[in-house]
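Everything below concerns the one structure shown next.
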Amino acid sequence: MDTIQTEHGVPARPTTVARASRETLEDYTLRFAPRSYRRWSPGVVATSALGGIAYLADFSIGANIGIQHGTSNAIIGILLAAAIIFVTGVPLAYYAARYNLDLDLITRGSGFGYYGSVLTNIIFASFTFIFFALEGSIMAQGLELGLGVPLWAGYLVSSLIVIPLVIYGMKVLSTLQVWTTPLWLLLMGGPLAYLLVEHPDSVSTFLAYQGGASGVSLSAVMLAAGVCLSLIAQIAEQIDYLRFMPPRTPENSRRWWSAVIIAGPGWVFFGALKQMIGLFLAVYLITNVAGGAGFANEPVHQFLSAYDQMMPGWLAMTLSVVLVVLSQIKINVTNAYSGSLAWTNSFTRVTKHYPGRLVFVVVNVAVALLLMELNMFDFLNDILGFYSNLGIAWIVTVATDIVVNKYLLRLSPMAPEFRRGMLHDINPVGFVSVLVAGGLSIAAFFGGLGSGLQPYSPMIAVVLSVLLPPVLAIATRGRFYLRRTDDGIREDPFDVHGNPSAAELDCQACGDVFERPDMVASATGDGAVCSLCLATDRDGTHVLR
């Protein structure tokens with residue numbers, strides 16, 4: 001690799017590592033988030049994480065499934081999906097906050113192996129640009145309605161506006177989310193409160209709405225739940241914030257746990273509520289506004305119709321556009337940020353080259369822009385229903401490995417491992433589980449297992465992802481989890497409270513200082529080396545034998 005010179009003429013280190021060392025920009029993209037960087041309180045981290053769920057796609061999702069299946073089926077499906085998402089999200093959020101790792105690093109040691117989790121990274125990266133495109137489409141609809149901006153130009157604006165905000169990572173994102181959340185809550189909650197007070201009959205109309213269904217049916221509930229379950233991968237975006245939680249101590253334990261649960265799996269209750277509100281507003285449009293059925297699933301029209309009754313038309317339009325733009329920015333900075341982490345992780349492991357997270361911010365935004373220009377909003381339910389099978393297979397498999405294989409069977413190592421040389425390349429426990437569960441559920445989704453099973457494809461993914469990991473762990477006796485059990489460093493990796501140690505070590509390869517959990521002894525016998533230097537070590541010089 002090429003070298004660079006420091007300003008004092010000291011021997012240079014590889015440019016790949018030099019770029020990655022600019023942690024104020026890179027946010028510890030590929031590694032453990034050290035204690036020295038995690039200076040936010042549990043409350044700030046939680047508020048920042050919840051700020052990322054301000055997206056308006058929930059309103060469209062709720063409206064679409066309700067219009068198709070009716071209010072009763074939609075609500076039952078929403079609640080069923082929320083329960084599954086919450087239960088599977090608890091162990092993932094705990095591991096991220098406790099060990100300060102993103103979900104890819106957790107996935108590596110929870111049944112997938114060092115290279116095996118590239119598969120799930122691709123699944124997650126797909127989630128981020130799908131939802132980026134959905135939110136960008138909604139923003140473009142608002143700009144067209146309020147300012148007359150053509151849709152194609154609105155797509156471009158909604159894509160480019162987030163890039164400058166994402167460059168600086170958590171430091172800027174946390175400030176943005178904390179300061180904009182109160183305004184967002186006011187703009188969203190005001191119209192709803194007005195309709196409930198001024199039009200109380202709208203509640204009974206909403207509850208009685210049957211849409212395209214003729215009553216409650218299990219198949220309709222499952223189809224509705226399947227669309228909602230596409231959001232299961234949102235926990236990975238929550239974790240991209242939760243990994244910056246401070247250490248858990250006896251003094252902050254209650255606040256720590258509250259923040260982890262509320263901002264981790266607890267996000268889904270806010271999401272479920274937004275889906276129900278979206279359906280409520282859609283039903284109001286359909287029954288009270290001329291031609292409302294034609295745009296009842298578009299959030300900008302949902303809120304504009306409510307604002308129109310509260311204030312002059314020009315102000316109603318202004319606030320509707322502000323709400324749409326603010327929501328889009330709040331979620332799409334998270335989508336672009338998390339997607340860039342996922343792509344960067346995969347690219348660096350496969351190529352042994354670190355190009356910098358900013359490259360993949362642009363890549364993620366470009367793919368999302370292409371989807372917008374292809375008008376994916378018109379195929380929302382089909383896209384989300386298909387994607388949910390893959391997202392479920394990944395998230396449920398990792399959650400099962402943590403709960404069952406780690407805590408019950410004790411076949412998976414308790415502490416998550418992510419460092420090269422410590423893991424096997426591929427662990428069949430998780431890798432095979434996702435391929436089988438995802439593959440069969442997708443086949444069911446397209447009718448390949450018969451029309452009777454087609455509505456139940458998400459449940460097939462859930463059941464197989466719960467059953468397969470322990471079966472495969474027992475069959476392989478857990479021998480594919482760790483390649484080594486000793487990383488060659490004598491210092492304890494944890495402090496007295498069980499938190500990752502803050503002890504600092506020099507990296508023999510790049511010369512920088514990193515905390516103990518990020519380090520592994522070098523195979524050269526000359527000290528320790530950091531996880532990123534290991535990841536970019538093309539010749540395997542430092543990889544333990």
Side-chain angles (χ1 to χ4, degrees), residues 29-30 88 92 96 101-134 229-240 334-371 374 376 383-399 401 418 420 423-443 445 458 461 464-465 468-469 535:
T29 306
L30 307 181
T88 56
L92 305 183
L101 305 173
D102 69 13
L103 192 49
D104 172 61
L105 271 59
I106 294 171
T107 298
R108 294 183 196 180
S110 297
F112 286 81
Y114 185 74
Y115 292 108
S117 71
V118 170
L119 169 67
T120 60
N121 252 8
I122 294 172
I123 294 173
F124 177 49
S126 302
F127 171 87
T128 63
F129 61 63
I130 287 173
F131 278 89
F132 189 111
L134 288 178
L229 280 168
S230 65
L231 296 168
I232 195 169
Q234 177 64 31
I235 188 63
E237 294 198 353
Q238 303 304 112
I239 282 173
D240 280 337
T334 301
N335 282 327
Y337 174 66
S338 295
S340 70
L341 298 183
W343 287 120
T344 306
N345 261 319
S346 297
F347 184 88
T348 302
R349 261 177 295 162
V350 172
T351 66
K352 308 295 187 300
H353 172 71
Y354 182 85
R357 181 173 59 82
L358 180 57
V359 172
F360 288 103
V361 170
V362 176
V363 169
N364 218 49
V365 170
V367 174
L369 177 59
L370 176 62
L371 291 177
L374 293 174
M376 69 167 292
I383 292 173
L384 297 184
F386 164 77
Y387 176 80
S388 68
N389 297 288
L390 295 173
I392 291 166
W394 168 37
I395 298 298
V396 178
T397 293
V398 178
D401 191 85
F418 64 94
R420 182 184 177 191
L423 295 166
H424 288 283
D425 288 347
I426 295 178
N427 186 343
V429 172
F431 193 80
V432 173
S433 295
V434 165
L435 289 179
V436 174
L440 287 178
S441 61
I442 288 173
F445 177 79
L464 289 176
S465 300
L468 288 175

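As the structure is a prediction and not an experimental result, all values here were calculated from the model. The first residue of the sequence shown is numbered 1, and numbering continues consecutively from there. When reading the values below, keep in mind they use all heavy atoms of this one structure, side chains included, and skip hydrogens, waters and symmetry mates.
Annotation for Ala236 and Leu103: closest pair CB-CD2, 3.7 Å, computed over non-hydrogen atoms. Of all non-hydrogen atoms in Ala133 and Leu371, the two that sit nearest each other are CB-CB, 3.8 Å. Heavy atoms only, all atoms of each residue included: Ile392 and Ala461 are closest at CG2-CB, 3.6 Å. Residues Val361 and Ala336 approach most closely at CG2-O, 4.3 Å, considering heavy atoms. Nearest heavy-atom pair, Val398 versus Ser110, reported as atom, atom and distance to 0.1 Å: CG1-CB, 4.1 Å. Taking every heavy atom of both residues into account, Leu229 and Pro458 meet most closely at CD1-CB, 3.8 Å.
For Thr128, the side-chain hydrogen bond (donor to acceptor under 3.5 Å, both in side chains) criterion is met by Asn364, not counting sequence neighbours. Qualifying side-chain hydrogen bond (donor to acceptor under 3.5 Å, both in side chains) partners for Ser126, counting only residues two or more places apart in sequence or in other chains: none. For Asn335, the side-chain hydrogen bond (donor to acceptor under 3.5 Å, both in side chains) partners at least two apart in sequence or on another chain are Asn332. Contacts of Asn427 classified as side-chain hydrogen bond (donor to acceptor under 3.5 Å, both in side chains), with partners at least two apart in sequence or in another chain: none.
Each of Asn121, Thr120, Leu119 was evaluated against Ser117; a single residue qualifies, Thr120, per the side-chain contact (heavy atoms from CB on, under 4.5 Å) test.
The shortest distance between side-chain heavy atoms of Asp102 and Leu105 falls below 4.5 Å. Looking at heavy atoms from C-beta onward, Ile239 lies in side-chain contact with Leu92 at the 4.5 angstrom threshold.
Residues in residues 103-125 take part in these ring-ring contact (aromatic ring centres under 6.0 Å, His included) pairs, two or more places apart or across chains: Phe124-Trp394. Residue pairs meeting the salt bridge (charged side-chain N to carboxylate O under 4.0 Å, His left out) criterion with at least one member in residues 337-347, sequence neighbours excluded, do not occur.
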(request) Could you walk me through whether Arg349 and Asp104 pass the side chain to side chain contact (heavy atoms under 4.5 Å, CB included) test, one step at a time? (result) CA-CA 12 Å; Arg349 261 177 295 162; Asp104 172 61; 3.0 Å; yes
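Atom CD1 of Ile235 is separated from atom CD1 of Ile395 by 7.5 Å, given to the nearest 0.5 angstrom. Taking CG of Leu435 as the start and CG of Leu390 as the end, the distance is 10.0 Å to the nearest 0.5 Å. Within the model, atoms CG of Asn389 and OG of Ser441 stand 3.5 Å from one another, a figure rounded to the nearest 0.5 Å. Rounding to the nearest 0.5 Å gives a distance of 5.0 Å between CG of Leu341 and CG of Asp240. Distance check, rounded to the nearest 0.5 Å: CG of Asp425 to CZ of Arg108 gives 12.0 Å.
A distance-only check finds no donor-acceptor pair linking the side chain of Thr348 to the backbone of Asn345 [under 3.5 Å]. With hydrogens and angles disregarded, a donor-acceptor distance shorter than 3.5 Å links the side chain of Tyr387 to the backbone of Ile123.
Using cut-offs of 30° and 60° for the angle between ring planes, the Trp343 and Phe360 rings count as parallel.
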